[in-house]
Amino acid sequence: QVQLIESGGGLVRAGDSLRLACAASARTFERLAMGWFRQAPGKERELVAALTGSSKTLYYADSVKGRFTISRDNAQKTVYLQMNSLTPEDTAIYYCAAKSGLGTLDSRRFYDYWGQGTQVTVSS
């Protein structure tokens with residue numbers, strides 16, 4: 001069983017930055033691929049960024065490329081999402097998720113474990 005706890009959300013202004021963190025309770029954290037998803041009101045949950053256990057393979061949604069950076073610290077069992085140049089369109093609940101098995105990095109259905117989410121609100 002893997003538990004994920006997100007932190008770092010909040011209310012910011014357009015152009016500001018935020019850093020989200022997701023702490024995992026997993027014996028073999030380094031074997032998990034990790035992803036950050038977000039869900040805005042009335043919209044589907046979408047993958048924002050993801051990376052493999054070794055951080056060798058990364059994925060970013062087109063909407064965040066060049067602005068967001070995903071990273072992980074396997075020793076601390078934590079994954080981060082650095083978000084720069086935030087816009088009101090980034091407003092959503094951000095969820096951390098873990099993928100323990102096979103399946104593509106960019107497909108939501110392969111993620112087994114989910115955090116409770118953290119709210120990010122960007123005002124104009």
Side-chain angles (χ1 to χ4, degrees):
Q1 189 70 15
V2 176
Q3 292 185 328
L4 304 171
I5 300 176
E6 303 98 335
S7 62
L11 172 63
V12 297
R13 294 183 177 181
D16 285 351
S17 298
L18 271 179
R19 189 193 196 200
L20 305 183
C22 172
S25 64
R27 288 191 302 142
T28 55
F29 177 74
E30 65 279 2
R31 296 181 184 179
L32 299 174
M34 300 296 296
W36 284 98
F37 291 75
R38 68 184 180 187
Q39 187 165 19
K43 294 188 176 181
E44 296 276 330
R45 190 173 298 188
E46 62 172 350
L47 178 61
V48 174
L51 78 173
T52 53
S54 63
S55 301
K56 288 183 178 179
T57 302
L58 305 175
Y59 169 88
Y60 290 99
D62 288 342
S63 59
V64 306
K65 282 181 181 176
R67 300 188 299 123
F68 290 12
T69 302
I70 189 171
S71 63
R72 65 191 295 160
D73 183 335
N74 286 343
Q76 296 297 322
K77 298 186 179 182
T78 301
V79 62
Y80 303 96
L81 185 68
Q82 177 66 43
M83 305 186 294
N84 298 330
S85 302
L86 285 161
T87 73
E89 288 69 38
D90 295 315
T91 295
I93 299 175
Y94 283 71
Y95 297 90
C96 174
K99 184 172 80 69
S100 61
L102 299 176
T104 57
L105 196 61
D106 61 349
S107 180
R108 174 184 169 184
R109 63 191 179 103
F110 294 118
Y111 286 80
D112 310 287
Y113 306 99
W114 294 83
Q116 292 300 307
T118 185
Q119 177 71 48
V120 172
T121 303
V122 184
S123 64
S124 57

Is a side-chain donor or acceptor of [X] paired with a backbone partner of [Y] at a separation under 3.5 angstrom?
| X | Y | answer |
| --- | --- | --- |
| N74 | G53 | yes |
| R72 | F29 | yes |
| T52 | T57 | yes |
| E6 | Q116 | yes |

Original post:
Under a 4.5 Å side-chain heavy-atom rule over Ile, Leu, Val, Met, Phe, Trp and Tyr, are Y111 and Y59 clustered together?
Top reply: yes
Original post:
In the single-linkage hydrophobic clustering (I, L, V, M, F, W, Y; side-chain heavy atoms under 4.5 Å), do L47 and V2 co-cluster?
Top reply: no
I need the minimum non-hydrogen distance between [X] and [Y], along with the two atoms involved.
| X | Y | answer |
| --- | --- | --- |
| V48 | Y94 | CG2-CE2, 4.3 Å |
| R38 | A92 | CB-CB, 3.8 Å |
| A49 | L81 | CB-CD1, 4.1 Å |
| A14 | S124 | CB-CA, 4.3 Å |
| A40 | T91 | CB-O, 3.6 Å |
| K99 | L105 | CE-CA, 4.1 Å |

**OP:** Using the side-chain contact (heavy atoms from CB on, under 4.5 Å) rule, pick out the option among Y80, Y95, W36 that qualifies with L20.
**Re:** W36
What distance separates [X] [atom1] from [Y] [atom2], expressed to the nearest 0.5 Å?
| X | Y | atom1 | atom2 | answer |
| --- | --- | --- | --- | --- |
| F68 | S17 | CZ | OG | 9.5 Å |
| S25 | L4 | OG | CG | 7.0 Å |
| R19 | M83 | CZ | CE | 11.5 Å |
| L51 | T69 | CG | OG1 | 11.5 Å |
| M34 | C22 | CE | SG | 4.5 Å |
| D106 | L58 | CG | CG | 12.5 Å |

**OP:** Please check if atom CD in Q3 has more than 12 non-hydrogen atoms from other residues, nucleotides or ligands closer than 6.0 Å.
**Re:** no
**OP:** Have a look at R67 and tell me which of T87, N84, D90 forms a side-chain hydrogen bond (donor to acceptor under 3.5 Å, both in side chains) with it.
**Re:** D90
Original post:
Are R108 and F37 in a cation-pi contact, defined as NZ or CZ under 6.0 Å from the six-membered ring centre and within 45° of the axis?
Top reply: no
**OP:** Test I70 against V79 for side-chain contact (heavy atoms from CB on, under 4.5 Å), laying out the working first.
**Re:** CA-CA 7 Å; I70 189 171; V79 62; 4.0 Å; yes
